[in-house]
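Any value given below was found using the heavy atoms of this structure, including those in side chains, with hydrogens, waters and symmetry copies removed.
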Amino acid sequence: MASRSSNKGILKKPAKKPPSVTSTGSTSSWLTRIQSKLYSSTDDPYAVPALPRQELKRVTFSVRKLTTEYILYNNNSPTDDILADLSPQSSSLQPPEEEQEENVIDQEEEAQDKNQFSCRELPKYYERACRLREEQPLDSFMDLLRSSCFSNLTTINLANQMIDSRYAGPIADILMLDCGLCSLDLSNCGMNDETIRILLHSLLITDRLLELKLAGNSFKADGFKYISIYISQSRAIKTVDLSRTTPDKRALRYLSHAIHIAPSLQTLFLDHCSLKAPLIEILAGGVRQSVSLNTLSLRHNRISYNAAPWIAAMLINDEPIEMYWQQPPNGQYPRRGIQQLDLTGNYLQQAVVSIAQALYNNRSLTHLILTDCQIYANECAKLAEALLSNHHLQVLDISDNPIGIKSDEGIQSIKTALSRNHFLRELNLAGTELDSSSAIALAECLPENSTLSRLDLSRNPQITMAGVLALSISIKMNHTLTFLDINIPPNDVEMAELQNDIVAVCTRNMQRSYEDSLYYSPQKLQEVEDETDEASEIEVDDALNGTSSSSTLSSSSSSSSSPRSHDDDDALVVTSSYPNPGNHHGNSKNKLTSPASTTTGTTTTSTTDKRSSNVSISSAYSFDEIPM
């Protein structure tokens, strides 16, 4: 009995599980495990088979010769008779050259009106397709076709319309026609796997669609397989929205493989999809190796600390720089890697540390949105440290996070990063529990920053008079900030005057930025180059003639075309070429005056904040006299 029980225990002994790749450990250990997963061989048991286009076909026959007949085309055309009359055996004379030219012009005009003509005929085609299939037409789709009779049908919006396989057949016949369709919205249409297969087959025939919205439909694994086939085969699709769907592991394997090989997909929305760590692990492989995807939205998923290594894996650029470029046929070099990542509404917390580590050497990401991700001061400090080494991130949104609660470590780290980082252009700190001391810390770094153009400090009611005063003083020494969003309490005259000073400086910086853009425009640079060449030719001619001449570019023209130095002291009167909205002639010039001048007629741009009774101040686009 003892031996029998021991054998039974041996047989039931569970196999030893491999260590989890999401376990905590050193940075090098989890990075090594991620790389081994992403670059594994084809013997991987999770490998996805090929996505053949034939699986989208509605009927498959094994025949020697197959002829496709489109029911919407009329074969009873006199074209054959005309060609017979113009055949070489015909005795009819060729038309003269003038008539041939007129025929060419008529053909070009007919080609230009082809789309408009086809759109006028779409309601008739749809009725015929429904009649041949013995199905009732979808009223909303028929109304849409009738409203587009005299314009190109570029957008079809059937959101919230129940579409089953009965309605899908006639609609698919219309989608096979090339009518200039660019956007198709099929959100919340109750479609199943068979319905989406019918529609995707027709869309792939023309392959002109740029945007496809399939949010809110109850697709299963086969439905995601058909969508993956369409993504991998289409050379036109740019944006796909699969939000509020529920993909499983099998569906994510299909989708990840399609993302990897898709030739044109650039933007993918997977919001509200309940993506946990195992699903993010599958998705990361395709995103990491995609040659076209540059924007990924994962808003309001169940992404937590366990998925942190795989989110970081999407951002790690550890290969040589040549691996992120490919040689396309047209000679351009598109950059590989995610450029915009939106993780709004995920409780990342400590996962931000892994994301920050991936940002150190990232060379592709330009927009990172971490709104409402439960980021505290410690995690904010890690992000700020990454900004010291990252030279490509331009927009960082960490709004609606409790950064300023109980500690100023996060703001102090951001202050240090803004003083040394010269690549970040927008920083959103709205609703982050900042107070006046935080505003003063940010004000101290503004004179040293030379790239930041927008700083959002709105929805921080604890920023009082001291913080706004510090910002109004320091912004005068900044020459790039054009938007400084901050809330002030109503009926506060002193703070209103300070916000007027901030608005005036933002407008000044915007004006300078506009003038610099004009000066450094290609046309202006070409004019300067032409003037330089002309002056050089004059000097050469004078040298050959033996005469001395000091013909050079006039200093007046040079000074008039050069941008104003940002280090010069502000003049008391600065003229602006912006037209005054109150002046219907648009010829009068506005003036910026010194604080000693009167401020009558001052016009600022202000918007009411819907979440509070405060006023959000951005900038002033038009003004008469604003105190500096």
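Going from atom CD1 of I229 over to atom OH of Y254 covers 8.5 Å, rounded to the nearest 0.5 Å. Atoms CG and OG, on N449 and S419 in that order, are 7.5 Å from each other to the nearest 0.5 Å. Interatomic distance, L469 CG to S474 OG, rounded to the nearest 0.5 Å: 9.5 Å. Note that NZ of K276 is 15.0 Å distant from CD of E281, once rounded to the nearest 0.5 Å. Atom CG in N188 sits 11.0 Å away from atom CG in L214 (nearest 0.5 Å). How far CG of N428 is from CG of L370: 11.0 Å, rounded to the nearest 0.5 Å.
Side-chain contact, T371 with S399: a donor N or O sits under 3.5 Å from an acceptor N or O. For the residue pair E211/S183, the side-chain donor-acceptor check at 3.5 Å is satisfied. Between the side chains of S450 and H422, at least one donor-acceptor pair of N or O atoms lies under 3.5 Å. For Q394 and E426, the side-chain atoms include no donor-acceptor pair closer than 3.5 Å.
A donor-acceptor contact shorter than 3.5 Å is absent between the side chain of N306 and the backbone of A277. Counting only distance, with no hydrogens or angles, the side chain of D397 and the backbone of D342 share no donor-acceptor pair below 3.5 Å. In terms of modelled atom types and a separation under 3.5 Å, the side chain of S389 and the main chain of A386 share no donor-acceptor contact. Side chain of N478 to main chain of L446: a donor-acceptor pair is present (N/O by atom type, distance under 3.5 Å, no hydrogens or angles). The main-chain N or O of Q374 is found under 3.5 Å from a side-chain atom of N401 such that the two form a donor-acceptor pair. Side-chain atoms of S292 never come within 3.5 Å of backbone atoms of Q266 as a donor-acceptor pair (strictly under, hydrogens ignored). Distance alone, capped at 3.5 Å, is enough to place a donor-acceptor pair between the T451 side chain and the L424 backbone. Checked by atom type and distance alone, the side chain of N301 pairs as donor or acceptor with a backbone atom of L298 at under 3.5 Å. Side-chain atoms of D456 do not come within 3.5 Å of backbone N or O of A430 as any donor-acceptor pair. Remark: side-chain polar atoms of S290 are paired, donor with acceptor, to backbone N or O of I259 under 3.5 angstrom.
In this structure, the side chains of C373 and V352 stay at 4.5 Å or more apart for every pair of heavy atoms. Under the 4.5 Å side-chain criterion, counting only non-hydrogen atoms from C-beta, Y230 is in contact with L212. Within the 4.5 Å cutoff, the side chain of L471 has heavy atoms near those of the L457 side chain. Residues L481 and L455 are in side-chain contact: their nearest non-hydrogen atoms beyond the backbone lie under 4.5 Å apart. Within the 4.5 Å cutoff, the side chain of T432 has heavy atoms near those of the N460 side chain. Inter-residue side-chain proximity for E385 and Y360 is flagged as met; some heavy-atom pair is nearer than 4.5 Å. Between I303 and L348, the closest side-chain pair of non-hydrogen atoms falls below 4.5 Å. Residues T480 and N509 form no side-chain contact, since every pair of their non-hydrogen atoms from C-beta on lies 4.5 Å or further apart.
Across every non-hydrogen atom of I403 and G410, the tightest pair is CG2-CA, 4.5 Å. A pairwise comparison of heavy atoms in T245 and N217 identifies CG2-O, 3.5 Å as the closest pair. Residues L365 and Q339 share a closest heavy-atom pair of CD1-O, 3.4 Å. Nearest heavy-atom pair across I405 and P402 is CD1-CB, 3.4 Å. The two residues M495 and V468 have their closest heavy-atom pair at CE-CG2, 3.4 Å. What you find for A496 and I488 is that their closest heavy atoms are CA-CD1, 4.2 Å.
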side-chain contact (heavy atoms from CB on, under 4.5 Å) between V287 and L268, worked out: CA-CA 10 Å; V287 173; L268 178 62; 5.9 Å; no
side-chain contact (heavy atoms from CB on, under 4.5 Å) between K249 and L252: does it pass, once the steps are laid out? CA-CA 5 Å; K249 288 186 177 181; L252 258 297; 5.8 Å; no
L484 and V505: CA distance, side-chain angles, deciding distance, side-chain contact (heavy atoms from CB on, under 4.5 Å) verdict: CA-CA 10 Å; L484 178 57; V505 177; over 6 Å; no
Begin with the C-alpha distance, continue with both residues' side-chain angles, and end with the deciding distance and a verdict on side-chain contact (heavy atoms from CB on, under 4.5 Å) for C380 and I414. CA-CA 8 Å; C380 180; I414 290 178; 3.4 Å; yes
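Other residues, nucleotides and ligands contribute more than 12 heavy atoms inside 6.0 Å of the CZ atom of F423. The neighbour count for E494 CD, taken as heavy atoms of other residues, nucleotides or ligands under 6.0 Å away, does not exceed 12.
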Show me the side-chain donor-acceptor pairs of residues 436-445 shorter than 3.5 Å, one per line, residues at least two apart or across chains.
from	atom 1	to	atom 2	distance (Å)
S436	OG	T464	N	2.9
S436	OG	T464	OG1	2.6
S437	OG	D435	OD1	2.7
S437	OG	D435	OD2	3.3
S438	OG	D435	OD1	3.0
E444	OE1	K415	NZ	2.4

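For the pair D485 and R454, the salt-bridge criterion is met [side-chain N within less than 4.0 Å of a carboxylate O].
Ring geometry for F219 against F224 counts as perpendicular: the plane angle is over 60°, on a 0 to 90° scale with 30° as the lower cut.
Under the side chain to side chain donor-acceptor pair (under 3.5 Å) test applied with S297, the options D241, D271, T344, T267 reduce to a single match, D271.
Remark: E409 engages no residue in a side-chain hydrogen bond (donor to acceptor under 3.5 Å, both in side chains) (not counting sequence neighbours).
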